[in-house]
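Have a look at the structure below before the remarks.
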There are 2 protein chains.
Amino acid sequence: MIDAAGLRVMKAIADEGSFTSAANALGFTQPAISQMVRRLEQRTGTVLVERYGRQVRLTEAGQVLARHAVGVLAALDAAEEEITAIAGLRAGRVRLQAFPSSSATLVPRTLAILKARHPDITVTFTEAEPPESLAALRNGDCDVAVAFAYEGGDLGELEEDLSLLVTRRLMDDEVRLVVPGTHPHAGDAAASLADFSGEEWIAGCPRCRGHLLSLADTAGFRPNVAFETEDYVAQLGLVTAGLGVALVPDLILNAAKHDDVATLPLSPASRRQILAVTTPDLQRVPAVAAALDALCEAAGADPKASTAELVGAKT
Amino acid sequence: MIDAAGLRVMKAIADEGSFTSAANALGFTQPAISQMVRRLEQRTGTVLVERYGRQVRLTEAGQVLARHAVGVLAALDAAEEEITAIAGLRAGRVRLQAFPSSSATLVPRTLAILKARHPDITVTFTEAEPPESLAALRNGDCDVAVAFAYEGGDLGELEEDLSLLVTRRLMDDEVRLVVPGTHPHAGDAAASLADFSGEEWIAGCPRCRGHLLSLADTAGFRPNVAFETEDYVAQLGLVTAGLGVALVPDLILNAAKHDDVATLPLSPASRRQILAVTTPDLQRVPAVAAALDALCEAAGADPKASTAELVGAKT
DNA sequence: CCTCATCATAACCGATGATTATGGAATCCT
DNA sequence: AGGATTCCATAATCATCGGTTATGATGAGG
């Protein structure tokens, strides 16, 4: 019934004292104001403007509108300002979820870049394994999920979760075999998994464990998993103590130097992909786009060309 | 850029959770919502709604709009409610100005009627002689002026002030000659002014004095004005004291009984008209219309047929 | 008394914003 | 699985809104 334009007109009349100058103030012509007032009057069924001679005055009802106009227009301006602030990265929010082993290196670097580049956007970070982070993304509780996918093995499993989502390849993370420094194969240039079929194994998170089983199966044995822990520091500790061997991704190993263990590249090599995942719409939100760029940069990937399909993903 | 309709839509989406039910809630069809959102998005240049699968969620920018919508729409509703309250006489204001001698009888009765009939409108009353009250009316400081005009004499003078204004005839107020009870003519059925050419006169307000002079002139003499006071009680007191005679309108004489004086009808009779004056636009304001009706009723005039020309007014 | 300033009105016209009809895609159910 | 359902997007259409220019009426002022 009453809209913002009408209020703006009433306020302009109240401020300017005549239709003509109100029109000038608003950038309209005089008849526009004239019939706008008439429309408002017949819509509200009340007299809003008193025409006396060639001057106009607001009636009480007109003054009511003009008075409310101040607040309403201010609120509209405030909303508009907030929107443009978000659009201009002077405000905004990104909710990031990343898997634990990325928290040590990739995420801090990303947050630092983001903070330096856009100090006014607020970034929240939650640690979550890919299944949970993708669920949060789907659920609307998260804007960007950093996930990983092992090549080959359970890619298909993840892939179904990625329908309707967009992914950006951040980096390839090579998986290495970690053995005690005193291990006979410690000095080898590369490790063939079959040579370690008799070892005791230390497994990580469920999906990592699945990857281990998958690789071992290809190598023709079933690993004897003696320990399971999602904490990579603990895994390395166990290896150092000579209690077994483990598959650990480079991303972890690069975070800090670990003595008394040898990290051997696998032969054939195995790697996992680190991915940034979001939704097509969120991708276009400035703060989210900035976060994605920061992630790519922190990972050392080309921010442009990384909007890629999963390697080996079917279509 | 952002209008009330857009905010309403965003809020409906936030509340309902889908375009379809938002459309139902607002009484629109689904495509209307769909393209309303699209328009808003390209106007603001931001993503407001995140389409994930077949569900929709507001982005941060969208939530900003939905949040502001609450306040803005509430303010609009409040404005609308105030307007309809004014239209429905559940609120509103009437600023009444009346000349002093009407304050005693006509105005109190009017205010009583108005208060009984529309207890929620606020009436303010200011005493003012017709020139001032009409100036206030012209100036926008008054909604209804109660004025009087003597027949014949200075009607033309008032008439020019009445251009652009509308008048309602409230009553005819006959002017009587007041003489001491001991006066030789005190028992007469009527008074011919010429018979009192030798008296000392007590004159009232400037316009009343003008009327006296005019009548006397017609009767062929120039009155000896010994006293001037705008206070009718004082005038009657002076008459009672035998210090002179005076012309006093019925309106005053009916307000209270005055002993020791005789009130004689003039021959030929002279009367003044009591008028309610307002502007054409204000006439259509409910509270003003109610006040006019109350005035007519208090004056005993027919509220319908009283939108009259001044008696003798040229066109 | 004439001129200027201001508002009202008419005729016109483009953009806005709704509708119906239809299509595509994700979710749900069997 | 696959089919039905549900939800959003799009296209085509159309009325109304809200603006413009041109013009008229009228009060105010030199």
Side-chain angles (χ1 to χ4, degrees), chain A residues 1-10 12-13 16-43 47-59 62 135 137-140 160-165 279-281 315, chain B residues 1-10 12-13 16-43 47-59 62 135 137-140 159-166 279-281 315:
Chain A
M1 182 173 177
I2 299 174
D3 60 345
L7 290 185
R8 204 181 310 272
V9 167
M10 292 304 294
I13 295 173
E16 302 288 330
S18 82
F19 284 14
T20 303
S21 47
N24 290 335
L26 295 179
F28 292 146
T29 57
Q30 171 264 316
I33 306 296
S34 200
Q35 52 191 339
M36 186 71 190
V37 170
R38 188 176 43 181
R39 270 194 299 270
L40 269 179
E41 286 188 330
Q42 59 196 29
R43 254 183 241 172
V47 183
L48 298 177
V49 173
E50 183 195 345
R51 288 89 165 163
Y52 177 81
R54 86 183 189 196
Q55 60 180 317
V56 293
R57 291 192 285 264
L58 298 190
T59 64
L137 192 59
R138 236 189 321 279
N139 208 32
E160 102 176 14
D161 282 1
L162 291 177
S163 75
L164 298 184
L165 299 175
T279 72
D281 287 327
T315 313
Chain B
M1 182 172 177
I2 300 175
D3 61 344
L7 290 185
R8 206 181 307 273
V9 167
M10 292 305 293
I13 295 173
E16 302 289 330
S18 81
F19 283 16
T20 303
S21 46
N24 290 334
L26 295 179
F28 292 146
T29 58
Q30 171 264 314
I33 306 296
S34 200
Q35 51 190 339
M36 185 72 191
V37 170
R38 188 176 44 184
R39 272 193 298 270
L40 269 179
E41 286 187 329
Q42 59 196 27
R43 254 184 241 172
V47 183
L48 298 177
V49 173
E50 184 195 346
R51 287 87 165 165
Y52 177 80
R54 85 183 190 196
Q55 58 179 319
V56 293
R57 290 192 286 263
L58 298 190
T59 64
L137 193 59
R138 236 188 321 278
N139 208 33
E159 191 188 353
E160 102 177 16
D161 281 1
L162 291 177
S163 74
L164 297 184
L165 298 176
V166 292
T279 72
D281 287 327
T315 313

field: Short side-chain N/O contact to C:dG17 OP1/OP2 from B:Arg43, under 4.0 Å
entry: yes
message: Tell me whether the side-chain N/O atoms of B:Thr29 come closer than 4.0 Å to OP1 or OP2 in C:dT20.
response: no
statement: Per nearest nucleotide of DNA chain D, the residue lying toward the 5' end, A:Ala5 or B:Gly17, is B:Gly17
- prompt: Mapping A:Arg39 and B:Ser34 onto DNA chain D by nearest heavy atom, which one lands closer to the 5' end?
  reply: B:Ser34
Roughly how many Å is it from [atom1] in [X] to [atom2] in [N], rounded to a whole number?
X	N	atom1	atom2	result
A:Gln35	D:dT16	CD	P	16 Å
B:Glu50	C:dA26	CD	C1'	15 Å
B:Asp3	C:dA18	CG	P	9 Å
B:Arg38	D:dA11	CZ	C1'	10 Å
B:Leu164	D:dA28	CG	P	6 Å
B:Phe19	C:dG17	CZ	C1'	16 Å
A:Glu41	C:dC7	CD	C1'	13 Å
B:Asp281	C:dC7	CG	P	13 Å

message: Ignoring hydrogens and geometry beyond distance, is the side chain of A:Gln30 in donor-acceptor contact with the base of C:dA8 at under 3.5 Å?
response: yes
message: So for A:Arg54 and D:dT26, does any side-chain atom that can act as donor or acceptor lie under 3.5 Å from a complementary atom in the base?
response: no
message: Looking at A:Glu16 and A:Arg8, is there a salt bridge between them, counting it only when a charged N and a carboxylate O are closer than 4.0 Å?
response: no
message: Does this structure show an ion pair linking A:Arg51 with A:Glu41, if we count only N-O contacts that are shorter than 4.0 Å?
response: yes
query: Among C:dT20, D:dC8, C:dC7, which is the nearest nucleotide to the side chain of B:Arg51?
result: D:dC8
query: Base, sugar-phosphate, or nothing for A:Gln55, non-hydrogen atoms under 4.0 angstrom?
result: nothing
Which residue lies more 5' along DNA chain C, comparing A:Thr20 with B:Tyr52 via nearest heavy atoms: A:Thr20
- request: Report yes if some heavy atom in the side chain of B:Leu137 is under 4.5 Å from a heavy atom in the side chain of A:Tyr52; otherwise report no.
  value: no
message: If you define the side chain from C-beta out and look only at heavy atoms, does anything of B:Ile33 sit under 4.5 Å from B:Arg38?
response: no
message: Run the side-chain hydrogen bond (donor to acceptor under 3.5 Å, both in side chains) test on B:Gln55 and B:Ser18 for me, step by step, so that the C-alpha distance in whole Å, both residues' side-chain angles and the decisive distance to 0.1 Å come before the verdict.
response: CA-CA 7 Å; B:Gln55 58 179 319; B:Ser18 81; over 6 Å; no
